[in-house]
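Just so we're clear, the structure is a prediction, and the values are computed from it rather than from any experiment. Computed over heavy atoms, backbone and side chain alike; hydrogens, waters and symmetry mates excluded. Naming convention: chains lettered A, B, ... in sequence-line order (proteins, then strands); numbering from 1 in each chain.
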There are 2 protein chains.
Amino acid sequence: MSFIEKLNSIWEENDSLVCVGLDPDLERFPKSIRDVPDAIFQFNKRIIDATHDLVCAYKPQIAYFSAESAEDQLTKTIQYIQSEYPSIPIILDSKRGDIGSTANKYAVEAFERFKVDAVTINPYMGYDSAEPFLSYQDKGTVLLCRTSNSGASDIQDLIVDGVPLYQKVATLISDKWNYNNNCLLVVGATWPSQMAKVRSLVGDMPFLVPGVGAQGGDIEALVKAGKTANGKGLIISSSRGVIYASGEDDFDSKAREVVLKLRSQINLHRK
Amino acid sequence: MSFIEKLNSIWEENDSLVCVGLDPDLERFPKSIRDVPDAIFQFNKRIIDATHDLVCAYKPQIAYFSAESAEDQLTKTIQYIQSEYPSIPIILDSKRGDIGSTANKYAVEAFERFKVDAVTINPYMGYDSAEPFLSYQDKGTVLLCRTSNSGASDIQDLIVDGVPLYQKVATLISDKWNYNNNCLLVVGATWPSQMAKVRSLVGDMPFLVPGVGAQGGDIEALVKAGKTANGKGLIISSSRGVIYASGEDDFDSKAREVVLKLRSQINLHRK
């Protein structure tokens with residue numbers, strides 16, 4: 001089953017557009033779990049067990065694993081999801097981007113080493129930096145378009161032919177890079193008006209939407225701006241707002257509460 | 001000693017602007033070394049031992065290590081250079097780029113886990129994605145500007161305010177991001193006219209120049225276009241053209257020959 005099919009299926013199965021971002025930061029772990037062996041995996045496992053019936057995807061952020069030399073715990077986290085909850089797609093958030101020969105190796109990293117369903121990449125280096133990912137037809141390639149952070153405007157909003165760069169990027173990807181129908185775009189939750197514009201440019205291409213929760217995006221506005229005609233099309237990701245909802249040992253049940261609420265808030269506006 | 005000081009020193013010491021890129025690809029290794037334990041490290045070690053007196057930097061490309069789950073051999077490679085040839089700066093080529101909180105983790109990956117002197121990053125996400133790197137004052141942050149690959153024009157050449165995007169990026173970094181005097185730019189060897197323009201915009205900021213060798217850049221043209229008034233300012237990187245100069249067990253001595261020749265060709269035009 002391709003990533004896109006898996007995504008369409010889980011949107012229905014869990015009635016959810018919520019993605020939980022796994023940004024495991026030891027310094028923010030409850031004391032009860034900080035010092036156990038494989039603490040990062042154990043933390044993720046409890047978050048996953050507490051939320052698996054409420055999400056449409058998990059998105060591990062590789063930087064948090066790399067900073068701790070914990071690639072093995074990223075592998076364990078991915079294998080755990082695939083073994084226990086195989087219908088849930090996994091998006092590796094790594095934002096890679098390099099010349100073709102090197103991009104090939106990054107595609108191997110994502111799709112053969114970590115065996116995820118989709119990966120985020122950066123489009124700045126152009127087509128040959130994306131092609132090795134796109135050629136994995138059944139995998140998803142999630143390209144940065146308009147990101148959620150404060151500095152996004154520095155480059156993404158520069159005006160090209162009368163429109164902001166991120167719109168040119170969206171059109172380029174939609175028109176030229178999506179020949180396998182496996183592209184997605186990152187469009188930050190913090191900018192609903194930009195999201196509406198991008199939606200108007202790219203049809204039903206799914207968006208990965210970071211920036212709700214800790215980054216403060218407005219849910220009603222973003223859902224109305226980004227949803228497709230069938231009330232889907234969005235993978236709305238919250239990381240820190242979910243996984244650090246409590247700093248105590250009830251972090252998993254509190255994470256579940258936050259995801260339940262977020263799913264309800266989203267579903268209120270998408271149908 | 002800061003990265004910039006280290007670079008200025010080694011440019012003199014080895015009379016060289018040549019950087020050797022370490023892109024270890026098991027499939028291209030000579031049979032004699034492919035199956036030895038820690039083959040990637042052993043391969044790199046022989047390249048390093050054969051070229052250390054001729055280079056101004058080594059640039060390991062992390063994708064080649066990640067695709068093989070060989071982060072440990074990247075660490076060994078870096079530690080070997082630092083122990084045996086401590087005057088040679090190491091640039092980790094990873095082209096990271098993410099929101100501030102995640103960029104912090106990538107900065108930890110580069111500067112605390114792998115302990116390199118400089119790292120390549122992607123500017124598409126804007127200032128807060130670069131700031132965690134820039135704040136390591138003694139480290140180098142090498143930002144993509146005009147890359148060497150065929151797809152570079154897709155986005156980097158789009159016209160903003162009458163000039164190509166890569167020139168806006170160069171000016172932004174030079175004017176606003178270089179407050180610690182620790183920024184460098186990636187400017188591909190394959191585009192000497194673009195390099196001359198970028199040089200005119202950013203003063204003496206060093207360039208990392210990939211694309212000679214396997215990618216076919218013209219050495220005379222790029223040196224004249226990119227050198228600073230003192231005949232330096234460039235880190236001219238060749239990877240595959242050096243390390244795979246021979247597919248046999250003489251790969252290290254052949255690599256030395258290629259680097260010697262490249263250094264001479266460059267020095268002919270820089271003084």
Side-chain angles (χ1 to χ4, degrees), chain A residues 23 25 61-69 71-72 75 93-109 112-113 120 122-131 144 147-156 158-161 165 168-169 172 176 210-211 214-215 239-240, chain B residues 23 25 61-69 71-72 75 93-109 112-113 120 122-131 144 147-156 158-161 165 168-169 172 176 210-211 214-215 239-240:
Chain A
D23 294 13
D25 190 341
Q61 168 50 261
I62 197 168
Y64 286 82
F65 298 84
S66 302
E68 296 291 339
S69 307
E71 282 81 10
D72 59 329
T75 299
D93 199 355
S94 61
K95 301 188 177 68
R96 303 309 195 216
D98 213 301
I99 64 169
S101 52
T102 302
N104 268 317
K105 295 295 178 182
Y106 279 132
V108 169
E109 178 192 40
E112 300 186 31
R113 176 185 185 181
T120 58
N122 188 311
Y124 185 73
M125 291 183 67
Y127 177 69
D128 63 310
S129 72
E131 191 279 332
L144 300 184
T147 58
S148 58
N149 58 315
S150 60
S153 60
D154 290 344
I155 292 176
Q156 298 163 29
L158 293 173
I159 301 298
V160 179
D161 298 336
L165 176 62
K168 295 293 276 192
V169 169
L172 177 71
K176 298 196 174 164
Q215 295 182 59
S239 303
R240 291 167 285 166
Chain B
D23 294 12
D25 190 341
Q61 167 51 260
I62 197 170
Y64 286 82
F65 298 84
S66 303
E68 297 290 339
S69 307
E71 283 80 10
D72 58 329
T75 299
D93 198 354
S94 61
K95 301 188 176 68
R96 303 309 194 217
D98 213 302
I99 64 169
S101 51
T102 301
N104 268 317
K105 295 294 177 183
Y106 280 131
V108 170
E109 178 193 40
E112 300 186 31
R113 177 185 185 180
T120 58
N122 189 311
Y124 185 72
M125 291 183 67
Y127 177 69
D128 63 310
S129 72
E131 190 279 332
L144 301 184
T147 57
S148 59
N149 58 315
S150 61
S153 60
D154 289 343
I155 292 176
Q156 298 162 30
L158 293 173
I159 301 298
V160 179
D161 299 336
L165 175 62
K168 295 293 274 193
V169 169
L172 176 72
K176 298 196 174 165
Q215 295 181 60
S239 303
R240 291 167 285 167

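- To the nearest 0.5 Å, atoms CG (A:Asp23) and OG1 (B:Thr102) are separated by 5.5 Å.
- Ranked by heavy-atom pairs shorter than 4.5 Å toward chain A, the options B:Ser153, B:Ala130, B:Pro123 are led by B:Pro123.
- To the nearest 0.5 Å, atom OH of residue A:Tyr124 and atom CG of residue A:Leu165 are 9.5 Å apart.
- For chain B, the option among A:Ser94, A:Ala107, A:Ser101 with the highest count of heavy-atom pairs below 4.5 Å is A:Ser101.
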* Going through the distances and angles, do B:Arg96 and B:Glu109 end up as a salt bridge (charged side-chain N to carboxylate O under 4.0 Å, His left out)? -> CA-CA 10 Å; B:Arg96 303 309 194 217; B:Glu109 178 193 40; 3.1 Å; yes

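- Counting heavy-atom pairs under 4.5 Å between each of A:Asp161, A:Leu172, A:Asp154, A:Ile62 and chain B puts A:Asp154 at the top.
- Neither the backbone nor the side chain of A:Asp72 has a heavy atom closer than 4.5 Å to any heavy atom of chain B.
- Interface remark: A:Thr147 contributes side-chain atoms only to the contact with chain B (heavy atom separation under 4.5 Å).
- Atom CD1 in A:Ile155 sits 7.5 Å away from atom OG in B:Ser129 (nearest 0.5 Å).
- Note on A:Asn122, A:Ile159, A:Val108: by heavy-atom pairs under 4.5 Å with chain B, the leading option is A:Asn122.
- Ranking B:Glu112, B:Gln156, B:Glu131 against chain A, the residue ahead of the rest is B:Gln156, based on heavy-atom pairs under 4.5 Å.
- For A:Lys168, the part lying near chain B is the side chain, with the backbone staying farther off; criterion is any non-hydrogen pair under 4.5 Å.
- Once rounded to the nearest 0.5 Å, the distance linking OG1 of B:Thr75 with CZ of B:Arg113 reads 6.0 Å.
- Between chain A and the residues B:Gly126, B:Ala103, B:Gly100, the most heavy-atom pairs under 4.5 angstrom are made by B:Gly126.
- Proximity of A:Thr120 to B:Asp98: side-chain heavy atoms (C-beta onward) are nowhere separated by under 4.5 Å.
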* Decide yes or no on side chain to side chain contact (heavy atoms under 4.5 Å, CB included) for A:Asp25 and B:Lys105, but give the supporting numbers first. => CA-CA 9 Å; A:Asp25 190 341; B:Lys105 295 294 177 183; 3.2 Å; yes

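- The part of A:Val169 that comes within reach of chain B is its side chain, from C-beta onward, which places non-hydrogen atoms under 4.5 angstrom from that chain.
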